[in-house]
There are 2 protein chains.
Amino acid sequence: MDSTDRKILAILQDDASMSVADIAKRVNLSQTPCWRRIQKLQDAGIITKRVVLVDPDALGLGLTVFVEIETGDHSKDWLDGFAAAVTQMPEVMEIYRMAGDVDYMLRITVPNMAAVDAFYQRLIAMVPLKNVTSRFAMERVKYTTAYPVTAG
Amino acid sequence: MDSTDRKILAILQDDASMSVADIAKRVNLSQTPCWRRIQKLQDAGIITKRVVLVDPDALGLGLTVFVEIETGDHSKDWLDGFAAAVTQMPEVMEIYRMAGDVDYMLRITVPNMAAVDAFYQRLIAMVPLKNVTSRFAMERVKYTTAYPVTAG
DNA sequence: GGTGAAAATGCCGCGCC
DNA sequence: GGCGCGGCATTTTCACC
């Protein structure tokens, strides 16, 4: 993957509605080679998806909460099952298995406090957990899906 | 926004490469009205962007770190400036202003431990901070940009 | 809202350098 | 790896129900 591919990725991560012709201009290529590069990035699994991003406030999903979970001592099978179950829950946008005292970090997006509590109740009903800490976001200052691809 | 709009959003949040004709079929609409609804969702700012998602591992960005920041006592202007400066940093994917003891929560994506340290050094060089805690992710279990739009 | 169809645009395969 | 052409799919805009 050379610097032209990186430029293409930078463009598409910011705006995937651009035509191949316009992208080609921006990276000083003609249409066909540019198109072939994009195909290749898709086939190689570097580009994983094409999606639209939606304003959560417009959907009434104004509340973001980070949930830090200490599972306590459990087997690998148990942990896998736990992770799979949490993955199914639609308000869960991100799940990370963590190093350190916190075992899992979740980011959930919900309409209001009641939904946070409903989520919490469902979560602890699934299984006993050693500790669950919720951290509430007041404001989303930055949110991007675009990874840095250009050095400097 | 009715249930048809929600169905359209659910589809486009999952796969924006679908043709309008195919989306129309899935929501039992003909092409033109379906197209008009999508336009409306864009014009209303509900759909904010069309992007491609990229595999961070493929870019050598395998390390995700949550950074919890306590800023200490500072003026609103100072906080705004701080937030703006952190927003500029390309490894920062998400920034939230938090309720509670932690003032800001960041998610950063970097190639390796050295980059974490480099980020940390740049961060604390910007200004004195009361406390900075890094939490390291071992594994990304779930990551989605698709908000739940269908009740149930 | 829905339909059908036409115009404009953009995609993407081919032959060639 | 890159280019230009051209058929074809898709988008987008009509006029009308």
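Per chain, numbering begins at 1; letters A, B, ... match sequence-line order.
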Separation of [X] atom [atom1] from [N] atom [atom2], in whole Å?
X	N	atom1	atom2	answer
B:Leu29	C:dG4	CG	P	14 Å
A:Met18	C:dC11	CE	C1'	16 Å
A:Asp22	C:dC11	CG	P	9 Å
A:Asp2	D:dG1	CG	P	9 Å
B:Ile23	D:dT11	CD1	C1'	12 Å
A:Gln42	C:dC11	CD	P	12 Å
B:Lys25	C:dT3	NZ	P	14 Å
A:Arg37	C:dG13	CZ	C1'	19 Å

task: Report yes if a side-chain nitrogen or oxygen of B:Ser30 is closer than 4.0 Å to either non-bridging phosphate oxygen (OP1 or OP2) of C:dT3; otherwise report no.
output: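 Checking B:Ser30 against C:dT3: at least one side-chain N or O falls below 4.0 Å of OP1 or OP2.
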Nucleotide of C:dG10, D:dG1, C:dG2 approaching A:Lys40 most closely (side-chain heavy atoms): D:dG1
Taking every non-hydrogen atom, the tightest pair across [X] and [Y]:
X	Y	result
A:Leu41	A:Met1	CD2-SD, 4.1 Å
A:Arg140	A:Pro56	NH2-CD, 3.8 Å
A:Ser134	A:Phe136	CB-CE1, 3.9 Å

- prompt: Does the pair A:Asp22/A:Arg26 count as a salt bridge with the N-to-O cut at 4.0 Å?
  reply: no
message: Looking at A:Arg37 and A:Asp2, is any side-chain nitrogen of the basic one under 4.0 Å from a carboxylate oxygen of the acidic one?
response: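 A:Arg37 and A:Asp2: salt-bridged.
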task: Following the transitive rule for hydrophobic clusters with a side-chain heavy-atom cut-off under 4.5 Å over Ile, Leu, Val, Met, Phe, Trp and Tyr, establish whether A:Val65 and A:Val102 coincide in one cluster.
output: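 Each belongs to a different hydrophobic cluster.
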task: Would you give a per-nucleotide map of nucleotides 12-17 of chain D, 5' to 3', where B means the base has a protein non-hydrogen atom under 4.0 Å away, S means only the sugar-phosphate does, and - means neither?
output: BBB---
